[in-house]
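When reading the values below, keep in mind they use all heavy atoms of this one structure, side chains included, and skip hydrogens, waters and symmetry mates. On a predicted model such as this, the values are computed, not experimentally measured, just so you know.
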Amino acid sequence: MKCSLSTYYRIIDSELYNFEDGYMQLNADIDAKTIDLEKYISEQKKSIADMCNVPEEKVIPISRLEYETYADE
């Protein structure tokens, strides 16, 4: 079954966000029958950390509600 998946992250101490907390949303079309969500999230965290030039522990998966609350500030 094909579906869309949105994941949300808080990025801490990245120059990309002027060293303030930054927020990112990623969207992907996936095959729900074959995806390993834990592996997917781990790979996304690594990619975001590389892109933002921060350690992986500074990329925090968050809820959509938290993203919507803080991303627009």
Interatomic distance, CE@Met24 vs OG1@Thr7, rounded to 0.5 Å, equals 10.0 Å
CG (Leu5) and CD1 (Ile35) are apart, to the nearest 0.5 Å, by 5.5 Å
**Message:** So Leu16 and Ile11, do their side chains get closer than 4.5 Å, heavy atoms only?
**Reply:** no
**Study point:** Student check: side-chain heavy atoms of Lys2 and Ile30 closer than 4.5 Å
**Key:** no
Here the pair of heavy atoms bringing Ser6 nearest to Asn27 is OG-OD1, 2.6 Å
Quick one: does Tyr8's side chain get under 4.5 Å of Glu66's, heavy atoms only? no
Closest non-hydrogen contact found for Tyr9 with Pro61 is CD2-CA, 3.8 Å
Is the number of heavy atoms from other residues, nucleotides or ligands within 6.0 Å of CG (Asn53) greater than 12? no
Here the pair of heavy atoms bringing Tyr17 nearest to Cys52 is CE1-SG, 4.3 Å
Worksheet item: Applying the 4.5 Å side-chain criterion to the ILVMFWY set and letting contacts propagate, would Val54 and Tyr67 be lumped into a single cluster?
Response: no
When every non-hydrogen atom of Asp29 is compared with those of Ser4, the smallest separation belongs to OD1-OG, 2.8 Å
Rounded to the nearest 0.5 Å, the CG atom of Asp21 sits from the OG atom of Ser14 at a distance of 10.5 Å
The reported gap from NZ in Lys46 to CE in Met51 (rounded to nearest 0.5 angstrom) is 13.0 Å
When rounded to the nearest 0.5 Å, the distance separating CD1 of Ile62 from CD of Glu68 is 10.0 Å
- prompt: Using 30° and 60° as the class limits, which term best fits the ring planes of Tyr23 and Tyr70: parallel, tilted or perpendicular?
  reply: parallel
Hits for side-chain contact (heavy atoms from CB on, under 4.5 Å) against Lys39, two or more places apart or cross-chain, chain-then-number order -> Asp36, Glu43
When rounded to the nearest 0.5 Å, the distance separating CG of Asp13 from CD of Glu20 is 10.5 Å
